[in-house]
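To start, the structure under review is shown below, and the notes come after it.
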Amino acid sequence: WYGWADVATLEQSMAGRAVRLRGAAHAVRAVGRRVAFVVLRQGTSTVQCVVAAAAGGGDAGMVRLAAGLSRESVVDVAGVVSLPREPVHGTTQQQVEIQVKKLHCISRATPNLPISVDDAARSEADVARAKAAGEQLVHVGQDKRLDYRVIDLRTPANQAIFRIFRQVLLSEGFVGIHTPKLIGGSSEGGAAVFKLDYNGQPACLAQSPQLHKQMAVCGGFERVFEVGPVFRAEDSNTHRHLCEFVGLDMEMAIRDHYFEVCDVVDRLFVAMFDHLNKNCAKELETIDRQYPFKPLKYLPKTLRIEYDEGIRMLKEAGVHVEAMGDLNTEAEKKLGELVHAKYDTDFYMLCRYPSAVRPFYTMPCPDDPRYSNSFDVFVRGEEIISGAQRVHIPELLARQAEARGIAVGCIAAYVDSFRYGAPPHGGFGVGLERVVMLFCGLGNIRKVSLFPRDPRRLQP
Ligand code: 4AD
């Protein structure tokens with residue numbers, strides 16, 4: 001008669017009900033030999049379980065078992081929901097507790113945990129406050145967290161971060177596709193590819209679904225998207241680069257203008273941000289408690305400014321920028337601040353980049369080929385998306401590839417797919433870890449990757 005229940009849904013109206021719960025022993029405290037308290041945790045929810053010896057002493061063994069549980073051990077508890085005399089501080093389900101009748105340890109955690117969930121869950125502000133008050137609180141550094149990631153992931157903020165991450169949904173009539181991750185050569189140009197041997201042929205891990213998502217559009221799918229791994233062998237030890245990240249890529253046929261692609265960015269992201277603010281308020285609060293952040297400011301219709309206008313704003317602010325050059329990270333950040341001050345938004349698009357700084361497959365502007373039908377999207381002054389209209393004319397595509405030193409022979413199948421009738425099309429690629437990092441102001445991409453792969457880290 002002990003039915004399985006969830007810690008998150010326990011409430012006062014369930015008093016008297018017999019339930020079974022499985023969770024981690026988050027904290028264990030014994031009071032003499034007759035009572036032990038086990039705080040049981042499932043995800044971000046915790047409840048106090050009271051293990052008491054009956055008057056005759058018959059359950060003393062169960063109290064001993066409870067008192068000896070190592071933290072993080074997985075236990076099954078069967079008991080009765082009851083109402084505590086006063087709210088149980090330090091748990092999320094403060095209004096109820098469980099009077100335990102049976103207790104089983106399912107998986108015993110080593111008593112010497114390398115890091116504790118409570119230590120990993122502390123905000124830097126908490127640690128600083130404690131230090132000022134002369135208390136000693138353990139601070140767990142980023143590297144140590146990542147070494148013991150399966151424990152670090154159990155902190156409330158991490159549980160919330162990864163729940164949000166999965167709630168990105170597309171509902172615009174796009175077909176989900178899966179493009180190959182083993183490919184013959186670089187798609188974004190440059191040497192930043194992981195090379196491998198493909199049964200005697202040189203190959204690499206896909207730098208992007210770029211070429212194949214375009215070929216899917218040529219294959220008659222008007223609108224396609226993919227959420228999948230993207231591999232970059234760049235040696236960038238920064239807060240925002242990973243060697244493997246999760247890309248959300250889309251590609252669509254366009255009718256009149258590449259702004260149709262920007263319109264999808266607009267609808268998708270405004271809906272996503274609205275959804276997060278409305279339906280994930282609890283998760284956002286949980287993250288904010290450990291990693292305080294300012295809510296993201298965005299407009300109902302995303303601001304679009306042209307590259308030239310962005311350059312003008314930077315120059316006026318005294319920032320040195322190369323004429324017709326790409327913006328470096330500092331210039332992007334500065335422009336984000338200027339845009340915020342002028343337009344009161346942290347989310348905007350910069351359009352019409354110079355052709356020279358975009359990949360070979362980018363469509364030049366019809367009115368001035370020095371510029372291109374392209375755009376980047378920024379959150380708090382950092383890039384999360386790059387997108388553009390693509391060249392669907394095979395001769396122009398081959399010319400642009402050659403001009404950048406790409407051997408057309410290596411991408412012949414790609415160029416050829418535009419010889420059989422190809423619609424004008426465009427698309428974009430998003431780095432999803434960057435979106436979550438920047439939305440939540442988390443400051444380091446490793447915090448939002450389950451098991452980050454950066455230039456130095458291949459474990460765990
Ligand atoms: O700007 P990127 O390289 O563009 C492409 O891959 C194009 N094929 C996309 C397109 O459809 N035009 O990468 C797209 C996004 C970036 O805006 C950034 O958010 C993310 O992917 N990104 C990275 N994220 C984490 N670590 C890295 N090393 C990243 N490199 C790019």
Side-chain angles (χ1 to χ4, degrees), residues 165 168 174 177 179 181 183 185-194 204-217 223-252 254 258 261-262 264-265 268-269 326-327 329 332 336 347-351 353 355 357-363 372-391 411 414 425-439 442 444-457:
F165 189 74
V168 181
F174 284 81
I177 59 168
T179 59
K181 300 305 157 209
I183 59 175
S186 140
S187 61
E188 300 304 313
V193 292
F194 288 104
C204 64
L205 290 175
Q207 249 179 335
S208 146
Q210 184 64 40
L211 310 186
H212 293 91
K213 68 178 178 175
Q214 285 187 255
M215 288 156 81
V217 173
R223 298 179 149 212
V224 296
F225 80 96
E226 173 167 9
V227 177
V230 174
F231 303 96
R232 302 278 166 104
E234 49 206 347
D235 191 17
S236 304
N237 291 289
T238 74
H239 73 282
R240 63 193 195 120
H241 285 92
L242 292 171
C243 292
E244 177 177 348
F245 64 92
V246 183
L248 164 60
D249 269 82
M250 67 78 104
E251 200 67 25
M252 60 187 267
I254 58 180
Y258 80 99
V261 180
C262 301
V264 175
V265 172
L268 180 64
F269 278 82
D326 212 353
L327 296 179
T329 314
E332 286 177 348
F347 184 66
Y348 79 101
M349 298 183 202
L350 196 61
C351 304
Y353 273 80
S355 294
V357 303
R358 304 302 283 197
F360 76 97
Y361 49 74
T362 311
M363 182 65 97
S372 60
N373 280 358
S374 63
F375 63 93
D376 275 0
V377 181
F378 296 87
V379 174
R380 304 189 203 265
E382 295 193 43
E383 178 203 318
I384 59 155
I385 297 181
S386 76
Q389 181 178 353
R390 325 299 186 184
V391 176
I411 49 167
Y414 167 70
H425 61 285
F428 60 76
V430 190
L432 286 181
E433 287 91 346
R434 285 199 190 169
V435 177
V436 184
M437 167 182 82
L438 291 162
F439 184 84
L442 283 166
N444 193 315
I445 199 161
R446 291 158 186 82
K447 287 198 171 79
V448 300
S449 171
L450 263 189
F451 296 105
R453 294 289 176 257
D454 68 21
R456 301 218 182 91
R457 183 173 283 281

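As the structure lists them, so they are numbered: ligands from 1, and atoms in each ligand from 1. The analysis underlying the following values was restricted to heavy atoms, covering all of them including side chains, and did not include hydrogens, waters or symmetry mates.
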*Could you tell me which non-hydrogen atom of Phe428 sits nearest to which non-hydrogen atom of Val264, and how far apart they are?*
CE2-CG1, 4.4 Å
*Of Ile384, Thr362, Asp249, Ile385, which has the heavy atom at the shortest distance from atom 19 (O) of ligand 1?*
Ile384
*asked:* What's the separation between atom CD1 in Ile384 and atom CZ in Arg434, rounded to the nearest 0.5 Å?
replied: 9.5 Å
*Please state which protein non-hydrogen atom is closest to atom 8 (N) of ligand 1 and give its distance, to 0.1 Å?*
Gln210 OE1, 2.6 Å
_For Lys213, the ligand 1 atoms whose distance to one of its heavy atoms is below 4.0 Å_ = 10 (C), 11 (O)
_Closest protein heavy atom to atom 5 (C) of ligand 1, given as residue, atom name and distance to 0.1 Å_ = Glu188 OE1, 3.6 Å
*How does Met250 reach ligand 1, if at all, at less than 4.0 Å between non-hydrogen atoms: by side chain, backbone, both, or neither?*
neither
*Record the part of Glu234 in heavy-atom contact with ligand 1 below 4.0 Å; permitted values are side chain, backbone, both and neither.*
side chain
*Ignoring hydrogens and angles, state whether a donor on the side chain of Lys447 or Ser449 is under 3.5 Å from an acceptor on the partner side chain.*
no
*What is the ring orientation for Tyr258 with Phe375, classed by angle as parallel under 30°, tilted 30 to 60°, or perpendicular over 60°?*
parallel
*Residue Ile445 vicinity, atoms of ligand 1 by number, heavy atom under 4.0 Å*: 25 (C)
*Would you please classify the geometry between the Phe378 ring and the Tyr348 ring as parallel, tilted or perpendicular, with 30° and 60° separating the classes?*
parallel
*Would you mind listing which atoms of ligand 1 come within a distance below 4.0 Å of any non-hydrogen atom of Arg240?*
25 (C), 26 (N)
_From Glu433, His241, Arg390 - option closest to atom 12 (N) of ligand 1 by heavy atom_ = Arg390
*How close does the nearest protein non-hydrogen atom get to atom 26 (N) of ligand 1, and which residue and atom is it?*
Leu242 N, 2.9 Å
*So which protein heavy atom does atom 16 (C) of ligand 1 come closest to, and at what separation?*
Glu383 OE2, 3.1 Å
_Side chain, backbone, both or neither: which applies to Gln207 and ligand 1 if a contact is any heavy-atom pair less than 4.0 Å apart?_
neither
*Does a donor on one side chain and an acceptor on the other come within less than 3.5 Å for His212 and Glu251?*
no
*Answer with side chain, backbone, both or neither: which part of Tyr361 has a heavy atom less than 4.0 angstrom from an atom of ligand 1?*
side chain
*asked:* Please list the nearest protein heavy atom to atom 2 (P) of ligand 1 with its residue and the distance rounded to 0.1 Å.
replied: Ser386 OG, 3.6 Å
*Please check if any side-chain donor atom of Gln389 sits under 3.5 Å from a side-chain acceptor atom of Ser374, or the reverse.*
no
*Where is the nearest protein heavy atom to atom 6 (O) of ligand 1: which residue, which atom, and how far?*
Arg232 NH2, 2.9 Å
*Of all the atoms in ligand 1, which lie at a distance below 4.0 Å from a heavy atom belonging to Ser208?*
6 (O), 8 (N)
*Return yes if a side-chain donor-acceptor contact under 3.5 Å exists between Ser186 and Gln207, otherwise no.*
yes
*Nearest neighbour in protein (non-hydrogen) for atom 29 (C) of ligand 1*: Phe245 CE2, 3.2 Å
*Under 3.5 Å, N or O to N or O, is Ala388 touching ligand 1 that way?*
no
_Gln210 and Tyr414 side chains, donor-acceptor separation under 3.5 Å_ = no
*For the residue pair Pro455 and Ser236, what are the closest heavy atoms and their distance?*
CG-O, 3.6 Å
*Look at atom 15 (C) of ligand 1 and say which protein heavy atom is nearest, naming residue and atom and giving the distance to 0.1 Å.*
Gly429 O, 3.6 Å
*Rounded to the nearest 0.5 Å, what separation is found between the CD1 atom of Ile445 and the CZ atom of Arg240?*
9.0 Å
_Between Phe194 and Phe231 (judged by ring centroids, cut-off 6.0 Å), do the two rings come close enough to count as a pair?_
no
